[in-house]
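Data first, discussion second: the structure below is written as structure tokens.
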Amino acid sequence: MTGIASKRSQKIILVGPPGAGKGTVAKGLVDRFGLCHLSTGDMLRAASAAGTAVGLLAKTFMDKGALVPDDVMVRLIEERVQQADCRAADGSPEFLLDGFPRTLPQADALQERGLAPDLVLFLDVPGDAIVRRLSGRRTCPACGNVHHVEFAPAKVDGICDRCGGALVHRSDDHEATIRKRLDAFELQTSPLVQRYGAMIERVEAAQRPDAVLAAVVAVMQRHGYAD
Ligand code: AP5
Ligand code: MG
């Protein structure tokens, strides 16, 4: 990894409700700091599109707005963080996790494997803004780029600005499922705020995307990250 030489161990976690802008912020941080970004949602969707056993199992939970079982998720992340792009030159783990951990047992699993975070970024957005963000989101399955019909419209309707692929409406981005995802966040994920306590940096994420990114970058710089 390049760009963040001022710290040896860089294990960062992005936490936030569905639609808080985790993927959008992560893209900005990757462009700026060159981090190893792992979105468990993206990994599961890729596995599902590829028709793997894990992907097909995960899809049955995702389409209902429910979390995928912890043992499946822990195995997925455990294997992925061992790959070279998530290791510093000295072999220590370096990553930006987006959407993991999402439960207390998942946080325990990181801890037990020596992968506890150095920094936890919490993107704070009220629930009413979220339904609007997610119901208007359009994603590109080919390159992972994310648009929004209102807040980040594509130049040509339905076509990804970055790669020209056809944009889709994610199968879990419909209002009834969004509400179930919000419930899952409240019940299963929000206890992480207490778990990580003083380590959490809370960022006001109900602002324009560039303002959210600037706020996150300011936090990272306070923690010694430099581009
Ligand atoms: P996942 O894909 O992680 O979904 P999520 O957490 O619900 O979050 P999203 O990806 O929907 O939103 P985001 O915060 O990335 O926002 P984005 O930047 O796209 O997980 C999907 C499912 O997989 C889960 O429900 C679960 O089933 C399963 N899963 C994944 N990880 C798991 C785990 N660890 N354990 C168990 N199950 C797991 O932005 C959203 C939209 O808003 C975009 O259109 C964007 O353009 C727009 N936008 C972004 N920022 C702003 C802004 N500041 N202002 C206005 N619009 C904005
Ligand atoms: Mg995302």
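Start at 1 and go down the list; that is how both ligands and their atoms are numbered. Here the structure is a predicted model, which means the values were calculated and not measured.
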Test T52 against L57 for side-chain contact (heavy atoms from CB on, under 4.5 Å), laying out the working first. CA-CA 9 Å; T52 69; L57 171 75; over 6 Å; no
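- Atom NE2 of residue H148 and atom CZ of residue R132 lie 7.5 Å apart, to the nearest 0.5 angstrom.
- Around atom CD of Q221, more than 12 heavy atoms belonging to other residues, nucleotides or ligands sit under 6.0 Å away.
- Within the listing of ligand 1, atoms 43 (C), 44 (O), 45 (C), 46 (O) sit less than 4.0 angstrom from a heavy atom of V146.
- Residue nearest to atom 24 (C) of ligand 1, selected from R181, R102, K64: R102 (by heavy-atom distance).
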For side-chain contact (heavy atoms from CB on, under 4.5 Å), just list the numbers for D85 and R80, CA-CA rounded to whole Å, side-chain angles, deciding distance to a tenth of an Å, and then say yes or no. CA-CA 9 Å; D85 58 333; R80 183 62 185 84; 2.7 Å; yes
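- At least one N or O atom of Q207 sits closer than 3.5 Å to an N or O atom of ligand 1.
- The shortest N or O to N or O distance between A20 and ligand 1 is under 3.5 Å.
- Of the protein's non-hydrogen atoms, M62 CE, 3.4 Å is the one closest to atom 23 (O) of ligand 1.
- Nearest heavy-atom pair across L115 and V81 is CD1-CG2, 3.8 Å.
- Within the listing of ligand 1, atoms 51 (C), 52 (C), 53 (N), 54 (N) sit less than 4.0 angstrom from a heavy atom of P209.
- Under the 3.5 Å distance criterion, the side-chain polar atoms of R113 are matched with a main-chain donor or acceptor of A109.
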What do the steps show when you test F122 against E201 for side-chain contact (heavy atoms from CB on, under 4.5 Å), and what is the final call? CA-CA 6 Å; F122 181 81; E201 291 278 5; over 6 Å; no
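- The N/O atoms of V68, backbone and side chain alike, include one that comes under 3.5 Å of an N/O atom in ligand 1.
- Distances from ligand 1 to the non-hydrogen atoms of S39 include no value under 4.0 Å.
- If you look at A66 next to ligand 1, the close heavy atoms, those under 4.0 Å, all belong to the backbone.
- Against a heavy-atom cut-off of under 4.0 Å, R208 is close to the following atoms of ligand 1: 53 (N).
- Per-residue contacts place M73 under 4.0 angstrom from the following atoms of ligand 1 (heavy atoms of the residue considered): 31 (N), 32 (C), 33 (C), 34 (N), 35 (N), 36 (C).
- Of the candidates R137, R179, R133, R137 is the only one forming a salt bridge (Lys or Arg N to Asp or Glu O under 4.0 Å) with D173.
- Closest protein heavy atom to atom 34 (N) of ligand 1: G99 O, 2.8 Å.
- Proximity of a side-chain donor or acceptor of R162 to a complementary backbone N or O of C143 within less than 3.5 Å is detected.
- Residue contacts with ligand 1 include R45, since one of its heavy atoms falls under 4.0 Å from the ligand.
- When L182, N145, T24, L213 are checked for heavy-atom proximity to atom 17 (P) of ligand 1, T24 turns out nearest.
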Please test D161 against H147 for side-chain contact (heavy atoms from CB on, under 4.5 Å), starting from the C-alpha separation and ending with a verdict. CA-CA 9 Å; D161 280 2; H147 282 284; 3.4 Å; yes
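- Put simply, no part of G16 is less than 4.0 Å from ligand 1, judged by heavy atoms.
- Side-chain N or O atoms of R181 include one that pairs as donor or acceptor with a backbone N or O of D172 at under 3.5 Å.
- In terms of protein heavy-atom proximity, atom 16 (O) of ligand 1 is closest to G21 N, 3.2 Å.
- For ligand 1, the atoms lying closer than 4.0 Å to a non-hydrogen atom of G23 are 13 (P), 15 (O), 18 (O).
- Close approach of ligand 1 to L44 (heavy-atom distance below 4.0 Å) involves ligand atoms 23 (O), 28 (C), 29 (N), 30 (C).
- Close approach to V212 involves these atoms of ligand 1, each under 4.0 Å from a residue heavy atom: 53 (N).
- Near F151, meaning under 4.0 Å from any of its heavy atoms, are these atoms of ligand 1: 55 (C), 56 (N).
- In terms of N/O distances under 3.5 Å, ligand 1 is not approached by A152.
- At a heavy-atom cutoff of 4.0 Å, ligand 1 is contacted by the side chain of L134 but not by its backbone.
- For atom 12 (O) of ligand 1, the closest heavy atom belonging to the protein is G19 N, 3.0 Å.
- One option in R138, R137, Q106, K180 has a heavy atom closer to atom 40 (C) of ligand 1 than any other, and that option is R137.
- In this structure, R170 counts as a contact residue of ligand 1, since one of its heavy atoms falls inside 4.0 Å of the ligand.
- Atom 8 (O) of ligand 1 has its closest protein heavy atom at K22 NZ, 3.1 Å.
- A205 and L123 make their closest contact through CB-CB, 3.9 Å (heavy atoms, listed as atom of the first residue, atom of the second, distance).
- Remark: side-chain polar atoms of K59 are not paired, donor with acceptor, to backbone N or O of L44 under 3.5 angstrom.
- Given atom 47 (C) of ligand 1, the protein heavy atom at minimum distance is H148 CD2, 4.2 Å.
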List the steps, then state whether salt bridge (Lys or Arg N to Asp or Glu O under 4.0 Å) holds for D98 with K22. CA-CA 6 Å; D98 156 2; K22 300 182 292 297; 5.0 Å; no
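- Between V146 and R170 there is no side-chain heavy-atom pair separated by less than 4.5 Å.
- Between the S135 side chain and the V131 main chain, a donor and an acceptor come within less than 3.5 Å of each other.
- Of the protein's non-hydrogen atoms, the one nearest atom 31 (N) of ligand 1 is T40 OG1, 2.8 Å.
- Of the heavy atoms in H147, only backbone atoms (N, CA, C, O) come closer than 4.0 Å to ligand 1.
- Within the 4.0 Å heavy-atom criterion, both parts of R133, backbone and side chain, lie near ligand 1.
- Below 3.5 Å of separation, one finds no N or O of D173 facing any N or O of ligand 1.
- A 6.0 Å sphere centred on CG of D210 holds more than 12 heavy atoms belonging to other residues, nucleotides or ligands.
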